[in-house]
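The structure under discussion appears below in the form of structure tokens.
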Amino acid sequence: MEFLKGSLPVVGALFLAGVVMWLAGSFNSAQEPTPASPSLATSTVSVATASVSVVVPENLAVISARHLAQAGANLLASVVNIFCTAKSGNGVHGASGTGVIIDSRGLILTVAHVGEYFLLADGTRSAPVTCVIRKGSPATDAYDAKLVYLSPSWLSANANTLIETAPKGTGENDFAVLAITGSHTDTPLPTSFPSISLGTDVPKVGERVVIGAYAAQYLGSTDVKTSLYPTLVFDPITNRYTFSTTTIDLISIKGTAAAQEGSSGGALVDEHNQIVGLIATSKVAGALSDHVLNAISSRHIRTSFMNDMRQGFDSYFASRDIPTLIDAFSAEASTLRAILSHALY
């Protein structure tokens, strides 16, 4: 594979591009995305791709489409809305984002800039933030959850995002894992949650994937609370990028309806029913054809987790039950909460 030096695409404001934000009950209007930090962008390279005409036998194309459609149905069943409300006057923005259940026990993969809200949501009335996991069409309250992982590398570099009007970033290390801990309603928890696992493959440029998220850019505050429906679209990969030298860390799609506020934490799934990307940043200004969705690759998530935890992503979560995962992360959560609180207050 040949790599050519290049620059990371404009990835825009994390929240305004990817998560619906509001402060004291009133939504901020969308703003023009801000380019990523030059110090990050100059170290990136883009993957060179050749234009090749390939004739695909009709039966294989039909099989691929059928598999992708099934993957879409599975993704629709697994996607959740993460809805966090901040107390008025504390300077923190409330938010609506997305997550995807990746384990039948109730583990949710989302981005760190959504997951960090759970550091401030301790379940008490005095907590500065309250969060709930919502499901369905439209999204309604369903589950309570706690953090079992959030990238310390991401938080250390982005501790001010909850109070910034237009935070920015590249998406590097921007992921977190939540665990469903109970029902938020009178409905008992299911014995098993619909889920879709984190894959290992990276889609090629031109390969079609299914994208699922609770996109909400064109909704008002009342609609987000009462009439938020999941978005499911099928689009081809338009480009791939790296944060280092040769790894494919960022997957980009231009002109997709999924590139909206609220989509952060949504997933890109391939025809093998595997998550290949996690929506981290977007460019949402202008016409829909100009919107750009950027997702960190499953390989980047796995590599970042290994660098942090010195363990594999799959083995770490599979070898521990939910209470153990919560307890194991409690010390790290306290440290990260202190960093976040210092930046906010």
Side-chain angles (χ1 to χ4, degrees), residues 18-19 70-84 95-115 117-118 121 131-151 174-185 187-200 209-215 228-232 258 262-270 272-280 295-296 298 301-302 305 313-326 329:
V19 176
Q70 183 59 56
N74 294 339
L75 177 55
L76 189 60
S78 305
V79 70
V80 297
N81 172 237
I82 301 173
F83 191 84
C84 295
S96 175
T98 303
V100 182
I101 301 176
I102 59 170
D103 186 295
S104 61
R105 296 173 297 164
L107 295 180
I108 300 171
L109 179 66
T110 187
V111 282
H113 67 267
V114 170
Y117 280 87
F118 286 81
C131 293
V132 62
I133 308 300
R134 307 198 300 172
K135 273 287 285 181
S137 301
T140 56
D141 292 355
Y143 314 126
D144 295 320
K146 290 187 177 181
L147 269 174
V148 292
Y149 176 80
L150 188 143
S151 168
D174 192 354
F175 67 100
V177 180
L178 305 169
I180 294 174
T181 56
S183 175
H184 195 78
T185 67
T187 303
L189 289 179
T191 56
S192 180
F193 294 90
S195 62
I196 189 162
S197 60
L198 184 68
T200 56
V209 295
V210 56
I211 310 163
Y214 275 91
L228 179 62
Y229 292 79
T231 297
L232 193 72
S263 290
S264 279
L268 278 59
V269 175
D270 65 11
H272 305 296
N273 199 38
Q274 300 282 304
I275 295 173
V276 293
L278 183 71
I279 301 172
I296 53 175
S298 58
I301 292 172
R302 291 179 181 283
F305 187 87
F313 185 95
D314 297 300
S315 60
Y316 178 83
F317 290 108
S319 63
R320 296 164 173 82
D321 60 21
I322 298 298
T324 302
L325 287 170
I326 293 172
F329 187 68

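The first residue of the sequence shown is numbered 1, and numbering continues consecutively from there. The shown structure was predicted, so the numbers you read here are calculated from the model rather than taken from an experiment.
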Inset, instruction - Could you tell me whether Y149 and F175 have their ring centroids closer than 6.0 angstrom? - result: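 Judged by ring-centre distance (under 6.0 Å), Y149 and F175 do meet the cut-off.
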
Inset, instruction - May I ask you to check whether F83 and Y117 place their ring centres under 6.0 Å from each other? - result: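 Ring centroids of Y117 and F83 are no less than 6.0 Å from each other.
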
Legend entry - D144, D141, N81, L178 screened by side-chain contact (heavy atoms from CB on, under 4.5 Å) with I133, the one that passes: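 That would be L178.
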
Side-chain ([X]) to main-chain ([Y]) donor-acceptor, under 3.5 angstrom:
X	Y	answer
T98	G262	yes
T324	R320	no
S183	T187	yes
D174	A112	yes
T231	Y214	no

Inset, instruction - List for me each residue that meets salt bridge (charged side-chain N to carboxylate O under 4.0 Å, His left out) alongside R105, sequence neighbours excluded, and say none if there are none. - result: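 Per chain and number, R105 pairs via salt bridge (charged side-chain N to carboxylate O under 4.0 Å, His left out) with D103.
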
Legend entry - side chain to side chain contact (heavy atoms under 4.5 Å, CB included) partners of S197, counting only residues at least two apart: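 Side chain to side chain contact (heavy atoms under 4.5 Å, CB included) check on S197 returns Q274.
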
Legend entry - Greater than 12 external heavy atoms within 6.0 Å of K146's NZ: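 Atom NZ in K146 is not packed in, count stays at 12 or less.
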
Legend entry - CZ on F193 to CD1 on I102, rounded to 0.5 Å: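 If I round to the nearest 0.5 Å, the distance is 13.5 Å.
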
Legend entry - Min side-chain heavy-atom separation R134-L228 under 4.5 Å: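 Side-chain contact under 4.5 Å: yes.
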
